Amino acid sequence: MPNDKKGQGGTYIPDTAYLGTDGGPASAPVNADRPAVKQAKGVGEVAGSMPHNDTKSSEYGRAGAPPAGSVSPVFDGLAAASTPSEVNSNAKTGGPGPVKDGKYQDGSLDKDRAPPTQGPLSTNQGVLLADNQSSLKAGVRGPALLKDFILREKITHFDHERIPERVVHARGSGAHGFFECLEGLQDLTCAAPFTEKGKQTPVFVRFSTVAGERGSKDTARDVRGFAIKFYTDQGNWDLVANNMPVFFIQDAIKFPDLVHAVKPEPHHAMPQAASTHDTFWDFVSLMPESTHMLMWQMSDRAIPRSFRMMQGFGVHTFRFVTREGKSTFVKFHLTPKLGTHSLVWDEAVKIAGADPDFNRRDLWEAIETGEYPEWTFGVQLVSEEDAEKFSFDLLDSTKIIPEELVPVKPIGRLVLNRNPDNFFAETEQVAFCAAHVIPGIDFTNDPLLAGRIHSYQDTQLSRLGGPNFHELPINAPRVPVNNNQRDGMHRQTIHRGRAAYEPNSLGGGCPFQAGGGGFVAFPEPVSGVELTGKPEKFAEHYNQARLFFNSQTAPEQKHIIDGFAFELSKVTVPAVRIRMVSMLRNVSDELAAPIAKKLGITELPPPMPLATDQDFKPEVEKSAFLSLTAHPGEEGIKTRKVAILCEDGVDGAAVRELGATLIEQGAVVRIVSSRLGEIAGAGGAVEADTTYEASPSVVFDAMVVPGGKAAAEALMKNGEALGFVRTLFRHCKPMLVLGEGSQVLKKAGIDPAAGYPGVHVAPKGSEDLTGQFIDSMTRHRSFERETDPPLV
């Protein structure tokens, strides 16, 4: 409900203004119905209780014992907590506070969680610190003394706070949640998460970009990781997925080459988090199997609006296996409840400067406000006999199974409902590994998967300091670990007993092998001559690239063309561009010709020779499932961010009424102005909680220009406000313009009478267009505006 600072008729501050992590109103919240607002209110009260550091003066010229530090008289547990979402507990996360009487569940984070507490500072050895302001010296102007063990401990720990970042997927964001099985699959698999309807399994999910370093931007054009750690009662299962269902290469032996090519070039370390350079395009233009993946990477899929609005795919073909040893090929799919939505490239570039943490912030804020991200978890199931009939090979990671051939069967839902308490301890230290499977899930002979099984385990040894990374709390299974592995760096467990080997009699034969109750590899028959090479079907490189392009809407096809043209324009070697265009001619001249024209290639090169003479006729040439528009979502306008532009003289009554309507339907309303604080208006004042500089249009999903003659005149004189309007219009986002606000539209160069899709202009006294505006927001954008010159 709205937060009225001064009660009925007073200054209007939408409570969603207090839900952001990148600024807020000039006034503290009064009402606090939402947990996140209640936390913000508590933080403000705690901070306000300490207007200054009242022990600062004691630091200078002191000879005696230092005084104790300042303590807030209104210390509040919620205010000091990392996240109000800690109330959402499961068998892995534990509860919101310390556990009494030592009753921890195995593997629960409770046993390692340190809640914020009142009390004095201590060293890592538990020695209380008398002074945390000055190092030990010989006189106040004398040299620092080597015997100051407190300084040495503090600085030494600080110097070693960082660990090596991931070689790929370094930039990531994570959250806790659960998987809920919607249908028991005992006839297909004995894997614990799928055994019975309604069963919930704790999960931790990490989203990431691939190419960039840990400090790079969220909105780079890139593949996104979608890694899920299932804490099952059979042990941990890691589904290391992506937001694209295919990959660049077919065999893991090429993975180092791919990553070396896409990473910053070694002689000058540029560019960061981008494929817009010579080495990447040189490599992929010589690897025609990458064509299908390039179509996805140059599409809007590579710049998602939100982690919450992108699909997830297991990429590889895995096996479901029953206790009896029956095997079925399976591909994993996750479809977001909010639908699949993207940014546009110009927007992604601008967001990178305005808020490089855009996707991370979006995920955190959604969970804090109780709008928990949710995905439908589905599978494509194929028998080995049916797989042989396809024109493509299921073991080829550059291919999908079109849903027209094998529909996706929904079997569960994935919900994220708790933010981490500590980014480093959880999101940064979580270790995913494609080799982590459980009984009921097994591998296939996919040659790319075979390499990942080795690589992920190996990289954690370097990144997390040794073989005991499984003992880190976030990585620990919630079932007991019982084996004879001992010692090594950072070992946490103190093992009792003498027998660290098997078989033994000194330990009573324990631990013993589980037999049929444990993981048993699928007994796949194997025969053949040892050789290096690939199956014949792997040699067909263009059918599914063509399928993807043909399945896109006209705006999406244009964006793919623009993506290729932009990236290749950054290449400095013309021969690489020409080679790439020749490769794309095997997909479609409707794709290759406009790219060539944008690159100044006046004559189309001949199509690149095919890798096989065999004609593999595709079963599907156009799919209804591959466009982003195929998944519009089910949640209306929940979590959509709406900017209401306000200056003195605004129609405050209209702002209040509209804000309440949008918030009631789940939108996040921010009042944007040239300054923070109270904005005088007819029908009541409003309070601006952000500015045009702090929150440019690219971080919003929609915009409202309310009425009010004086406000409209002020907006028309403000270049930043007019730029805000123009940019949001050019990015095809919904706009609602009321009363005199139409003059602002015209001043910005947009004809208010043109009838642009998604632009709703309501003159004073006309019908209420709020419903139409909300309908446009559910569609996210009106790409029809791209086909006409956008500004008059």
Side-chain angles (χ1 to χ4, degrees), residues 185 188-191 193-194 223 226-228 230 237-252 254-255 289 292-293 296 311-322 325-335 377-409 411 433-456 521-526 534-541 543-544 547-548 616 618-620 623 625-626:
L185 301 176
L188 291 168
T189 178
C190 59
F194 311 119
V223 189
F226 194 136
I228 311 168
F230 293 81
W237 169 39
D238 292 349
L239 179 57
V240 193
N242 285 338
N243 75 325
M244 299 178 190
V246 292
F247 204 58
F248 296 96
I249 53 176
Q250 297 171 322
D251 193 299
K254 300 306 298 176
F255 191 73
E289 62 265 45
H292 188 196
M293 182 61 172
W296 287 78
Q311 288 177 284
F313 303 93
V315 180
H316 306 287
T317 300
F318 291 87
R319 293 181 185 273
F320 269 165
V321 184
T322 65
K326 174 190 171 187
S327 167
T328 306
F329 285 146
V330 59
K331 279 185 173 286
F332 297 107
H333 294 249
L334 294 114
T335 303
F377 191 99
V379 291
Q380 286 179 298
L381 302 166
V382 184
S383 69
E384 293 201 40
E385 295 76 21
D386 289 341
E388 291 296 324
K389 302 173 185 176
F390 294 144
S391 64
F392 52 90
D393 196 321
L394 257 64
L395 303 185
D396 181 353
S397 292
T398 69
K399 306 294 195 300
I400 64 169
I401 309 175
E403 292 185 46
E404 284 82 0
L405 296 181
V406 181
V408 175
K409 175 184 175 67
I411 62 170
C433 179
H436 292 167
V437 294
I438 55 176
I441 296 170
D442 207 342
F443 311 115
T444 61
N445 292 335
D446 178 339
L448 180 60
L449 177 60
R452 293 182 74 199
I453 293 169
H454 165 74
S455 177
Y456 283 58
F522 174 70
E524 181 179 10
V526 177
K534 302 179 183 71
E536 185 68 22
K537 286 183 182 179
F538 277 46
E540 199 296 301
H541 300 141
N543 280 347
Q544 293 204 355
L547 168 68
F548 183 80
F616 294 99
E619 296 86 348
V620 180
S623 173
F625 300 95
L626 295 178

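Computed from a predicted structure; not experimentally measured.
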- [ ] Write down the atom of Phe443, the atom of Ala434, and the distance for their closest heavy-atom approach.
- [x] CE2-O, 3.4 Å
TODO: Examine distances only and state if a side-chain atom of Gln380 and a backbone atom of Lys331 form a donor-acceptor pair shorter than 3.5 Å.
DONE: no
- [ ] Give me the ring orientation class for His316 and Phe318: parallel if the planes are under 30° apart, tilted from 30 to 60°, perpendicular past 60°.
- [x] perpendicular
TODO: Show your reasoning for whether side chain to side chain contact (heavy atoms under 4.5 Å, CB included) applies to Val382 and Phe390.
DONE: CA-CA 11 Å; Val382 184; Phe390 294 144; 4.0 Å; yes
TODO: Can you measure from CD1 (Ile441) to CZ (Arg319) and round to the nearest 0.5 angstrom?
DONE: 13.5 Å
Task: Nearest atoms (heavy-atom pairs only) where Phe392 meets Ile400 - done: CE1-O, 3.4 Å
Task: Closest approach of Ser327 to Phe522 (non-hydrogen atoms, all atoms of both residues) - done: CB-CE1, 3.3 Å
Open item on the list: Between Tyr456 and His436, is the side chain to side chain contact (heavy atoms under 4.5 Å, CB included) condition met? List the steps.
Closed with: CA-CA 10 Å; Tyr456 283 58; His436 292 167; over 6 Å; no
- [ ] Apply the test side chain to side chain contact (heavy atoms under 4.5 Å, CB included) to residues Asp393 and Lys534: give CA-CA distance (whole Å), side-chain angles for both, the deciding distance (0.1 Å), then the verdict.
- [x] CA-CA 11 Å; Asp393 196 321; Lys534 302 179 183 71; over 6 Å; no
Task: Sub-4.5 Å side-chain heavy-atom contact between Lys399 and Lys537 - done: no
Task: Nearest atoms (heavy-atom pairs only) where Met293 meets Val223 - done: CE-CG2, 3.4 Å
TODO: Could you tell me whether a side-chain N or O of Asp238 sits under 3.5 Å from a main-chain N or O of Cys433, the two making a donor and an acceptor?
DONE: yes
TODO: Write down the atom of Ala191, the atom of Ile438, and the distance for their closest heavy-atom approach.
DONE: CB-CD1, 4.1 Å
- [ ] Would you check if the distance from the ring center of Phe313 to the ring center of His333 is below 6.0 Å?
- [x] yes
- [ ] Working to the nearest 0.5 Å, report the span between CG of Leu394 and CD of Glu384.
- [x] 10.0 Å
Open item on the list: So, taking the atom named CG in Leu334 and the one named CG in Leu239, what distance separates them when rounded to the nearest 0.5 Å?
Closed with: 7.0 Å
Just list the side-chain donor-acceptor pairs under 3.5 Å for residues 244-251, sequence neighbours left out, or say none.
from, atom 1, to, atom 2, distance (Å)
Gln250, NE2, Asp396, OD1, 3.4
Gln250, NE2, Asp396, OD2, 3.1
Gln250, NE2, Phe538, O, 2.9
Asp251, OD1, Ile253, N, 3.0

- [ ] Can you measure from CZ (Phe548) to CG (Leu626) and round to the nearest 0.5 angstrom?
- [x] 6.5 Å
- [ ] State the CG-CD1 distance between Leu449 and Ile453, to the nearest 0.5 angstrom.
- [x] 4.5 Å
Task: Side-chain donor-acceptor pair present, Asp446, Ser397, cut-off under 3.5 Å - done: yes
Open item on the list: Are Phe332 and Trp237 an aromatic pair, judged by ring center distance below 6.0 Å?
Closed with: yes
Task: Shortest non-hydrogen separation from Pro447 to Leu395 and the atoms involved - done: CD-O, 3.7 Å
- [ ] Mind checking the CG-CG spacing from Leu185 to Leu381? Nearest 0.5 Å is all I need.
- [x] 7.5 Å
